[in-house]
Amino acid sequence: MGLTRPLSKLLPKRRPLLSPPPPRHYLTSAPSHSWLKIHPEVSSALKSNTPLVALESTIYTHGAIGNDLNLEQIVRDHGAVPAVCGIYAGQATVGLTPEEITTMCDQGAKKVSRRDLAYLIGQGICGNKIHGGTTIAGTMILARQAGIRVFGTGGLGGVHQGGENTMDISADLTELGRTRVAVVSSGVKGFLDIPKTLEVLETQGVLVATFADGKDQKEVDFPAFWARESGMKSPAVVWDEKEAAAILLAQEKYGIETGMLFVNPLPKEFEIPRSEMEEVIRIAVREAEEKAPGNENTPFVLRRIKELTDGRSVTANKALVRDNVARAAKIAVEFSKLVDGNPVTVGMASGSTAKATQQPISFTKAETKPSDEKPKADHTVDILVAGSVALDLNCDYAAGGKTDSPALNTSNPASISQSVGGVGHNIALAAHKVSEENNVRLCSMVGDDIAGSTILSSLSAAGLDTSYIRTLGHEYPSARTAQYVAVNDAHKSLVLAMADMAIISTHSFPSYWNSAVNASKPKWMVVDANWAEHDIQTWIQAGHQHNAKIAFEPVSAAKAARLFPKPKSHHHKKPELGLFPRPSVHLSTPNQYELLAMYEAAHEHGYLDTHNWFPVIDAFGIMRGAREQFVDIAGAAATDAGIPVQSVNLLPYIPTIITKLGSSGVLLTTLLEKGDPRIRDPDHARWVVSRTLSDHPSVGGVYMRMFPAAERVKEEDIVSVNGIGDTFTGVLIAGLARGGEVEELIDIAQRAAVFTLKSSKGVSDEVAGLRAELRQIVAKQ
């Protein structure tokens with residue numbers, strides 16, 4: 001039967017999909033009169049990106065299928081944390097305990113939808129402690145407020161037969177149109193008007209996708225709750241939980257505030273055939289019209305269906321809700337995997353009232369502008385640094401006992417200082433201090449928190465350009481501003497460090513980054529290894545496309561290996577990095593442990609076993625007897641540690657490697673191009689460890705030179721070891737960007753590092769005093 005008047009006329013007008021919703025407040029567990037109480041387990045899961053599944057409480061307080069569903073355990077068995085939502089004693093609660101649910105059932109609870117939430121909570125504030133079991137609509141609101149994205153339930157409310165005249169339309173449908181939560185259900189109750197329900201959901205802009213369960217896309221029906229088929233084709237089809245999670249993440253990345261409905265047909269073994277159910281429903285609905293008007297209609301129909309099916313409808317209902325909850329948990333697990341391990345790149349879209357976007361809009365502050373516009377800059381720069389910025393805490397053990405190191409498993413006296421750091425920040429700041437004004441730009445991310453505000457203020461005070469520092473709101477998972485905590489012994493040597501760089505390694509905005517490189521047009525770009533593997537490659541490729549030279553800063557031994565990621569498959573042996581004479585990376589500044597990590601990753605993942613790598617290595621002409629040369633140049637200790645051999649093997653990918661060896665100095669290993677004057681220069685003869693004798697068109701030889709430490713720093717003069725390597729790299733790159741030669745810049749870069757070694761800051765203020773000297777060094781060359 002067609003509609004006598006469009007259902008859209010009965011529903012409230014909705015804002016455009018891509019317009020900013022009102023500011024949202026993300027609440028955490030707090031005292032008893034807080035607006036939203038979150039169970040500690042749920043709160044912990046939210047902070048750590050542990051998979052979470054919201055569950056409704058009406059299934060317990062008002063359900064007709066018993067309280068033996070064991071839904072919370074099903075969620076846990078599939079790797080997620082359950083969060084039953086409801087109103088307990090007048091307080092909105094996410095994560096009701098079994099004891100609280102039992103109390104609600106024993107003492108009685110109101111049925112709570114959107115319209116009832118404020119009433120019950122307001123009553124609670126006034127001392128009237130009413131319990132409330134939340135419906136699908138009510139549960140969606142609480143889940144969204146808490147930050148839970150997936151909700152598993154039984155059946156959705158819908159449009160009743162004749163709803164176009166009676167206006168009997170479930171609030172679940174309009175809630176899906178305004179609240180971004182993914183609901184997993186088995187469709188709507190079979191006695192409702194399925195075609196009209198789907199029309200309302202379409203009007204509300206809600207994605208309705210049914211799991212195919214092995215069927216061809218054209219054969220997938222929207223289910224009829226107790227029956228797997230309804231005769232209505234599903235508006236969309238989803239193949240598995242991973243695909244559902246990707247859709248959910250895309251919805252979130254775009255900032256679209258509508259919910260989505262993932263429809264899960266009940267297991268075949270519990271299905272009641274469609275033909276049988278249609279007759280049962282016809283009888284039950286006819287009798288309900290005669291005997292149970294108004295609010296009693298649905299309960300009457302359900303009771304009558306149970307009787308007419310000899311209880312099979314209840315068995316099917318239990319089976320489908322358990323299966324839906326299990327599927328919801330699987331989606332939540334896949335979503336967490338996407339967020340933690342495989343950030344998704346979102347393309348461009350447009351809306352009637354919003355500019356084309358590629359990131360979601362931040363909801364944390366009403367005045368916050370869309371964070372997805374192209375980067376704005378009014379000038380190009382010589383240096384662009386893509387890396388981390390963090391709030392650093394430096395904890396120096398205040399020796400008062402018999403040892404110089406802090407004791408484990410207890411508190412220790414210490415001198416604690418705070419500063420802005422992060423590898424990317426330190427390199428950019430060091431380069432900025434010795435460069436001309438507005439010649440260095442940092443591209444990074446901070447969270448919308450106190451640490452992020454502190455960092456932005458510090459960067460502005462230091463004169464660094466902050467236009468490419470992204471602020472991510474709380475709607476982004478793992479959007480905490482990066483922080484680094486160093487625990488040092490009494491001699492200021494590092495004992496232990498803890499780093500939270502998830503904001504850098506989790507979030508991926510490649511189109512924005514490409515625009516940043518294009519707008520900056522840098523001569524040199526520094527990429528630090530705090531980014532995820534694929535993001536490091538993305539940055540390098542963006543720089544290469546815009547003719548920038550690339551320096552890779554390894555950060556740590558664990559992260560250094562990210563430059564040489566594992567091939568995507570056993571058949572994928574071709575490395576993504578370019579090799580000499582067209583390398584993707586031109587320079588790297590590892591310490592000896594980072595160098596070893598890069599070498600081992602390259603070796604293990606097949607980068608040192610390709611048909612493009614062999615010709616370059618062969619052209620070096622380095623024979624086994626080269627050890628004596630290596631010892632003469634680098635020393636026995638460095639040679640025995642394998643540093644010269646590791647460096648030479650990596651030269652085809654990184655033609656200049658500067659290995660920082662602490663108090664021993666710096667070892668420069670570089671690939672000389674054919675015709676390089678150093679090959680024939682007597683003053684450099686000692687350091688040319690090989691000259692190409694082959695007919696390779698580009699390789700001229702290998703240059704290896706040890707630079708002693710610029711200064712022997714007394715132990716009592718050491719203030720902090722943090723940032724010394726970053727300072728070295730920043731000053732070096734500043735000189736290179738102005739046309740300097742590496743071997744002429746190493747000494748001044750080392751002296752800058754010494755300034756930082758004697759400073760409590762990540763980059764010493766004294767580094768700025770080297771600007772004139774750097775200018776002179778470059779001018780001489």
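Small disclaimer: the values here were computed from a predicted structure and weren't measured.
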[X] [atom1] to [Y] [atom2] distance, which is reported to the nearest 0.5 Å:
| X | Y | atom1 | atom2 | result |
| --- | --- | --- | --- | --- |
| Asp392 | Asn722 | CG | CG | 6.0 Å |
| Gln145 | Ile38 | CD | CD1 | 9.5 Å |
| Ser556 | Met501 | OG | CE | 9.5 Å |

Practice problem: Please state whether the rings of Phe564 and Tyr653 are parallel, tilted or perpendicular, taking 30° and 60° as the class boundaries. | Solution: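 Perpendicular.
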Self-check item: Aromatic plane relationship, His507 with Phe509 - under 30° parallel, 30 to 60° tilted, over 60° perpendicular
Solution: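 Because their plane-to-plane angle is under 30°, the rings of Phe509 and His507 count as parallel.
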Which atom of [X] lies closest to which atom of [Y], heavy atoms considered:
| X | Y | result |
| --- | --- | --- |
| Val666 | Ile658 | CG1-CG2, 3.1 Å |
| Ala542 | Asn514 | CB-OD1, 3.8 Å |
| Arg149 | Leu248 | CB-CD2, 4.0 Å |
| Trp531 | Asp528 | CD1-O, 3.0 Å |
| Gly665 | Gln750 | CA-OE1, 4.0 Å |
| Glu594 | Ala557 | CG-N, 3.7 Å |

Quiz item: Is there side-chain contact between Leu587 and Leu732, with at least one heavy-atom pair below 4.5 Å?
Solution: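 Yes, close enough: below the 4.5 Å cut-off.
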Quiz prompt | Qualifying residues under side-chain contact (heavy atoms from CB on, under 4.5 Å), relative to Lys433, sequence neighbours excluded | solution =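 So Lys433 forms a side-chain contact (heavy atoms from CB on, under 4.5 Å) with Leu429, Val763, Asp765, Val767, Ala768.
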Exercise. Applying side-chain contact (heavy atoms from CB on, under 4.5 Å), name anything that partners Ile416, two or more places apart in sequence or on another chain.
Key: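 Only Leu393, Cys395, Ala414 meet the side-chain contact (heavy atoms from CB on, under 4.5 Å) criterion with Ile416.
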Quiz item: Does a salt bridge link Arg562 with Glu533, judged by any charged N lying under 4.0 Å from a carboxylate O?
Solution: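 Looking at Glu533 together with Arg562, the answer is no, because their closest N to O distance does not fall below 4.0 Å.
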Exercise. Could you go through the side-chain contact (heavy atoms from CB on, under 4.5 Å) check for Arg751 and Glu711 one step at a time?
Key: CA-CA 7 Å; Arg751 284 190 284 121; Glu711 179 183 337; over 6 Å; no
Quiz item: Does a donor on one side chain and an acceptor on the other come within less than 3.5 Å for Ser405 and Thr403?
Solution: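 Their side chains do not contain a donor-acceptor pair, so the 3.5 Å distance test is not met.
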Exercise. Using only heavy-atom distances, determine whether the side chains of Ser417 and Ser760 contain a donor-acceptor pair under 3.5 Å.
Key: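 Ser417 vs Ser760: no donor-acceptor pair found between side chains.
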Quiz item: Pick from Asp449, Thr471, Thr454: which one makes a side-chain hydrogen bond (donor to acceptor under 3.5 Å, both in side chains) with Thr481?
Solution: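 So the option named by the test is Asp449.
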Quiz prompt | Test applied, side-chain hydrogen bond (donor to acceptor under 3.5 Å, both in side chains); reference residue, Thr656; option that passes from Thr670, Thr669, Thr589 | solution =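 Among the candidates, only Thr670 passes.
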Distance-only, no hydrogens or angles: does the [X] side chain make a donor-acceptor pair with backbone N or O of [Y] under 3.5 Å?
| X | Y | value |
| --- | --- | --- |
| Ser419 | Lys761 | no |
| Lys521 | Asn518 | yes |
| Ser584 | Gly578 | yes |
| Asp500 | Gln483 | no |

Quiz item: For the side chain to side chain contact (heavy atoms under 4.5 Å, CB included) test, which of Val434, Ile383, Asp382 pairs with Asn439?
Solution: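 That would be Asp382.
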Quiz item: Taking it one step at a time, do Ile746 and Phe728 satisfy side-chain contact (heavy atoms from CB on, under 4.5 Å)?
Solution: CA-CA 8 Å; Ile746 286 179; Phe728 174 89; 4.3 Å; yes
